[in-house]
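Input: a single structure, listed below in structure tokens.
Numbering of residues begins at 1 and proceeds along the displayed sequence.
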Amino acid sequence: MNSSIYRWLLPVAVATLMAAGCAKKELVKSDTVVPPVATATSGATPAAKAVPKGAEGSTTLPASTPTEKKGTTESAAGTALQDATLQNIFFDFDSATLSSAARDTLVRNAQVMKQNHSRIRIEGNCDERGSDEYNLALGEKRAKAALAYLVTLGLPADRLTVISYGKEKPVDPGHEETAWAKNRRDEFIVLTK
């Protein structure tokens with residue numbers, strides 16, 4: 001009798017796991033249709049209803065010094081451009097869905113990117129909750145969601161790359177919702193050609 005139960009339970013369990021694993025989340029909240037995009041990813045391997053207090057889609061990180069990164073160099077001029085005009089976007093917990101505020105920010109970023117012909121790296125980030133592997137995958141989904149939306153706005157996909165840092169680069173080291181909301185973000189880094 002036990003073997004007949006296992007023969008029945010095994011296919012049901014496998015089907016259930018496959019159905020749960022294959023569920024797709026909506027990447028853009030709206031009636032806008034986003035066509036699939038072939039992307040070239042670089043680096044590692046899931047938009048806010050409430051934007052972090054003080055962020056409102058306009059928080060940028062301070063300028064960093066030029067550093068070598070996988071064959072490309074961040075330029076001081078590119079970093080200055082980033083700080084002056086490219087803005088971060090933010091995400092809900094456990095989501096790679098672009099909010100209307102994130103889409104508005106991406107429209108403004110796209111206008112700037114069209115004037116500057118540099119390559120752009122979209123860096124997906126998460127808060128500290130979840131495993132390293134899960135957050136790397138979620139950060140990549142967030143970066144790819146932004147990339148796909150920027151391509152629909154007319155930016156060439158070959159100028160855009162994505163990378164996920166998961167939870168490794170928090171901007172706020174706190175352990176509460178206000179800190180986590182700031183860390184669930186995409187950043188836009190201007191690279192030299």
Side-chain angles (χ1 to χ4, degrees), residues 20-29 34-48 51-52 55 57 59-62 64 67-74 78-79 82-83 86-99 101-103 105-106 109-110 113 118-153 155-175 177 179-192:
C22 295
K24 299 205 185 264
K25 290 187 178 181
E26 178 185 11
L27 290 181
V28 177
K29 288 183 187 175
V34 178
V37 177
T39 63
T41 60
S42 67
T45 329
V51 175
T59 301
T60 58
L61 296 177
S64 59
T67 56
E68 286 294 320
K69 302 256 185 173
K70 295 189 185 201
T72 59
T73 307
E74 292 182 22
T79 304
Q82 170 195 354
D83 291 338
L86 295 182
Q87 300 173 347
N88 296 343
I89 60 171
F90 299 91
F91 294 88
D92 285 333
F93 173 71
D94 194 28
S95 175
T97 303
L98 298 172
S99 68
R103 288 192 312 271
T105 300
L106 288 171
N109 284 353
M113 291 176 196
S118 296
R119 293 175 23 90
I120 307 295
R121 181 177 61 227
I122 305 168
E123 298 179 347
N125 294 274
C126 301
D127 62 38
E128 66 184 337
R129 298 171 290 179
S131 70
D132 291 342
E133 296 82 12
Y134 180 81
N135 282 328
L136 284 171
L138 179 58
E140 184 174 18
K141 287 179 185 177
R142 288 173 173 171
K144 285 183 175 181
L147 182 145
Y149 195 74
L150 288 169
V151 168
T152 65
L153 296 174
L155 282 167
D158 62 348
R159 285 184 47 208
L160 305 170
T161 60
V162 301
I163 189 168
S164 174
Y165 288 111
K167 58 185 175 181
E168 299 305 315
K169 293 178 73 175
V171 292
D172 190 328
H175 304 288
E177 183 55 37
W180 294 331
K182 293 175 189 174
N183 294 332
R184 296 188 302 259
R185 71 196 186 283
D186 278 348
E187 294 182 22
F188 302 87
I189 307 300
V190 179
L191 306 171
T192 60

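What you find for Gly139 and Ser164 is that their closest heavy atoms are CA-OG, 3.3 Å. Looking at every heavy atom in both residues, Leu150 comes nearest to Ala110 through CD2-CB, 3.9 Å. A pairwise comparison of heavy atoms in Arg119 and Asp158 identifies NH1-O, 3.5 Å as the closest pair. Across all non-hydrogen atoms, the minimal contact from Phe93 to Asp127 is CD1-OD2, 3.8 Å. Annotation for Leu98 and Ala145: closest pair CD1-O, 3.6 Å, computed over non-hydrogen atoms. When all heavy atoms are compared, the tightest approach of Gly124 to Asp186 is CA-OD1, 3.2 Å.
The main-chain N or O of Val171 is found under 3.5 Å from a side-chain atom of Asn183 such that the two form a donor-acceptor pair. A donor-acceptor pair is defined here as one N or O able to donate and one able to accept, closer than 3.5 Å; no such pair exists between the side chain of Arg103 and the backbone of Ala101. The closest donor-acceptor contact from the side chain of Ser95 to the backbone of Phe91 lies at 3.5 Å or more, if one exists at all. Put simply, the side chain of Lys167 gets close to the backbone of Gly130: a donor and an acceptor are under 3.5 Å apart.
Side-chain contact between Met113 and Leu86 is present, with at least one heavy-atom pair separated by less than 4.5 Å. Put simply, the side chain of Leu106 reaches to within 4.5 Å of the side chain of Ile89, judged on heavy atoms.
Contacts of Asn125 classified as side-chain hydrogen bond (donor to acceptor under 3.5 Å, both in side chains), with partners at least two apart in sequence or in another chain: none. Residues satisfying the side-chain contact (heavy atoms from CB on, under 4.5 Å) criterion with Glu128, sequence neighbours excluded, are His175, Trp180.
Here Phe188 contributes atom CZ and Leu160 contributes atom CG; the two are 9.0 Å apart, rounded to the nearest 0.5 Å. To the nearest 0.5 angstrom, Glu187 atom CD is 13.0 Å from Ile120 atom CD1. Here the OG-CG distance, from Ser131 to Leu136, works out to 8.5 Å after rounding to the nearest 0.5 Å.
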Item to check | Working for side-chain contact (heavy atoms from CB on, under 4.5 Å), residues Leu191 and Ser118 | outcome: CA-CA 6 Å; Leu191 306 171; Ser118 296; 5.9 Å; no

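For the side-chain contact (heavy atoms from CB on, under 4.5 Å) with Arg142, the qualifying choice from Arg184, Glu123, Arg185 is Arg184, the only one to do so.
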